Amino acid sequence: MRDLDGVLENTLIDKMIFDDLLDRSFKLQVMSESLERGGLQKGDSMVSDIWSSLYKVAPKIKEKVPAALTLNKALLEQLYSLPELSSLRKTCQLDELTSAIGTLRLGHNLSKLLEQNLNSQAYKEAVKKSDETSSLQELLESLQALSESVMPDSIDSPDATDSIEGNKHLQEIAQAAISQSRANKQTKQNAIEQLQQNGLEQALTYVKEQLEEKEKKAAEASAKALHDMRGKIRDAIKETAEETEDLSDALKQYRGWDGSRGTERKINPEEAFRAASALLDYRNGRKIREIAKLAGRISTVSLKTKRSKVDAPTIEQWSGVTEGKDIAKLLPQELVTLKHQVIKRDFLKRYADGKILQYEVDPYQPAGKGPIVVCIDESSSMEGEREIWAKAVALALLKIAQKERRAYALIRFNRNAEEPIYFHPKKRILPSKTMEVFSGFLGGGTSFEEPLKTALNVIQGHKTYKRADVIFITDGECVVGEEFKYHFTDIKSKKNISIITVLIGPDADGVECFSDHIYRTEAVDAEDGRKVLSIFLSSKKD
């Protein structure tokens with residue numbers, strides 16, 4: 001496990017979780033390296049501190065940190081002194097996805113800023129002094145470990161001291177440790193002199209004194225350098241806040257909806273960083289964002305879902321997190337604090353003030369409705385704006401399905417049909433998986449028969465989809481064989497299957513034989529998408 005002992009107070013569980021995240025996230029590893037190139041020590045712990053700063057309700061800076069983290073602490077103190085960070089924290093707090101985006105963007109912006117200022121005299125001096133304290137800290141720890149290895153009972157014992165000073169082999173090991181350390185030449189010489197003349201204890205005392213002196217100077221230099229950069233740090237936070245808000249709005253379109261609670265699903269930090277990384281991916285990230293933004297605008301159509309009032313709120317009506325003093329609605333993490341006497345006092349104070357975290361209740365819940373099967377044409381002619389528009393409509397329909405607790409199946413096709421991708425309202429939807437699905441593209445020719453056969457197989461082969469509505473989106477022309485047409489129409493009538501076809505472009509044709517509703521569009525904006533949703537919502541089975 002990495003040494004994630006940083007500037008903020010974190011529990012062992014926090015460190016174990018984030019250590020696992022670092023193992024699995026390439027972007028976090030790159031960020032850690034970038035922060036170290038920018039002059040900070042222990043980049044891994046700094047990344048962890050940035051995450052905790054954004055996600056936690058009340059992150060706390062330690063009064064005393066290892067000397068090596070002097071510059072790290074000064075940077076966090078500068079961040080915490082700016083109101084812009086408080087604003088960013090409000091956006092990210094207790095939200096894994098938003099915090100993941102904020103962490104990746106703030107880490108990127110800060111590392112970029114620090115690297116740009118490495119030639120600044122004040123910051124260069126702060127980095128130099130920070131590095132000196134880090135090297136002395138390492139040397140001190142090495143000598144302490146050596147001392148403790150031969151004095152298990154007490155380093156202050158006179159007999160133990162005599163034993164150390166009389167042990168030539170031990171002195172040779174200690175001298176080698178000093179010589180190989182990163183401390184400056186003069187410090188090494190003085191430490192070796194103390195070792196040779198007075199023994200290991202005096203060498204330890206000398207290194208401690210040097211460390212205390214260097215740490216004080218490093219703190220002063222760090223505070224001055226970062227104060228000079230205060231305006232640039234503020235700009236970095238503002239930029240992060242704008243990026244985070246923009247990207248989190250897009251990311252929420254891919255987030256699963258918890259139908260039992262009537263709120264967006266909670267996800268674990270690992271999935272949050274995986275999804276945020278996909279959104280920031282250079283190759284597919286732009287398409288993913290464009291689809292999500294358009295889906296968000298399309299989704300503004302009014303959803304007049306059936307809702308029933310109930311007298312007693314249950315778990316099905318939980319809709320978010322708020323503050324209060326209702327024990328029945330407490331979040332699990334609040335209940336855990338009651339087991340610890342010290343933390344329990346803080347809990348009781350917050351309880352008296354009505355400040356404990358609890359579930360917010362919405363006593364209304366939408367009624368469940370029929371499933372949705374969406375077929376999207378991914379032939380070559382759809383590539384570009386048409387593909388983005390079609391997938392934005394499909395994504396908006398997925399959000400509707402999740403909110404209304406409806407099963408949803410997506411069928412991507414060209415001249416063949418891909419295997420259906422199922423999104424069940426009772427199963428967790430991973431945003432990263434949804435992004436992967438919607439960012440892909442097939443290319444090639446067009447066939448209507450293959451996706452329609454697949455849609456029939458979904459409806460006939462799965463009890464969940466037996467009352468499904470089908471949305472068929474295409475820009476192509478295709479001849480449907482007479483035999484298939486007869487067979488499909490017969491089953492469609494018996495199963496009471498409704499098909500809404502969205503034809504993109506002026507030349508698309510050939511869908512009349514299997515469609516109940518046909519909507520022609522140029523697929524240019526959100527208004528066209530809202531019309532498709534309106535047609536679907538007005539014709540759906542209740």
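Values in this document were obtained by computation on a predicted structure and should not be read as measured data.
Here the straight-line distance linking atom CG of D377 with atom CZ of F413 works out to 4.0 Å at 0.5 Å rounding. Between the CZ atom in R24 and the CZ atom in F273 there is a gap of 14.0 Å [rounded to 0.5 Å]. Separating the CG atom in L226 from the CG atom in L75 is a distance of 5.5 Å, to the nearest 0.5 Å. Atom CD of E215 sits about 8.0 Å away from atom CD of E212, to the nearest 0.5 Å. One distance of note links CD1 of I372 with CZ of F423; it measures 12.0 Å at 0.5 Å rounding. To the nearest 0.5 Å, the span separating CD on E141 from CG on L211 amounts to 9.0 Å.
Between E9 and K56 there is no salt bridge, since no side-chain nitrogen of the basic residue lies less than 4.0 Å from a carboxylate oxygen of the acidic one. Taking 4.0 Å as the cut-off between side-chain N and carboxylate O, K238 and E242 do not count as a salt-bridged pair. A salt bridge links E527 to R530: at least one charged side-chain nitrogen sits closer than 4.0 Å to a carboxylate oxygen. Between K129 and E125 there is a salt bridge, since a side-chain N of the basic residue sits under 4.0 Å from a carboxylate O of the acidic one. The pair E387-R412 does not count as a salt bridge, with every side-chain nitrogen at least 4.0 angstrom from each carboxylate oxygen.
Formation of a donor-acceptor pair under 3.5 Å by the K42 side chain with backbone atoms of D5 is found in this model. The backbone N or O of A67 sits less than 3.5 Å from a side-chain atom of T133, completing a donor-acceptor pair. At distances below 3.5 Å, not a single donor-acceptor pair connects side-chain atoms of N117 with backbone N or O atoms of Y123.
Tested against D49, the residues L8, L54, L69, D44 include a single side-chain contact (heavy atoms from CB on, under 4.5 Å) partner, L8. With D353 as the fixed residue, the salt bridge (charged side-chain N to carboxylate O under 4.0 Å, His left out) test singles out one of K355, R350, K349: K349. Only one option out of V374, L410, V373, I411 pairs with P420 in a side-chain contact (heavy atoms from CB on, under 4.5 Å); it is I411.
Remark: the S53 side chain and the Y80 side chain contain an N/O donor-acceptor pair separated by less than 3.5 Å.
Atom NZ of K124 has more than 12 heavy atoms from other residues, nucleotides or ligands within 6.0 Å.
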Derivation and outcome, side chain to side chain contact (heavy atoms under 4.5 Å, CB included), residues R230 and L82
CA-CA 9 Å; R230 184 178 176 85; L82 293 167; 3.4 Å; yes
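Applying the side chain to side chain donor-acceptor pair (under 3.5 Å) rule to S134 yields the partners Q41, R182; only residues at least two apart in sequence or on another chain are considered.
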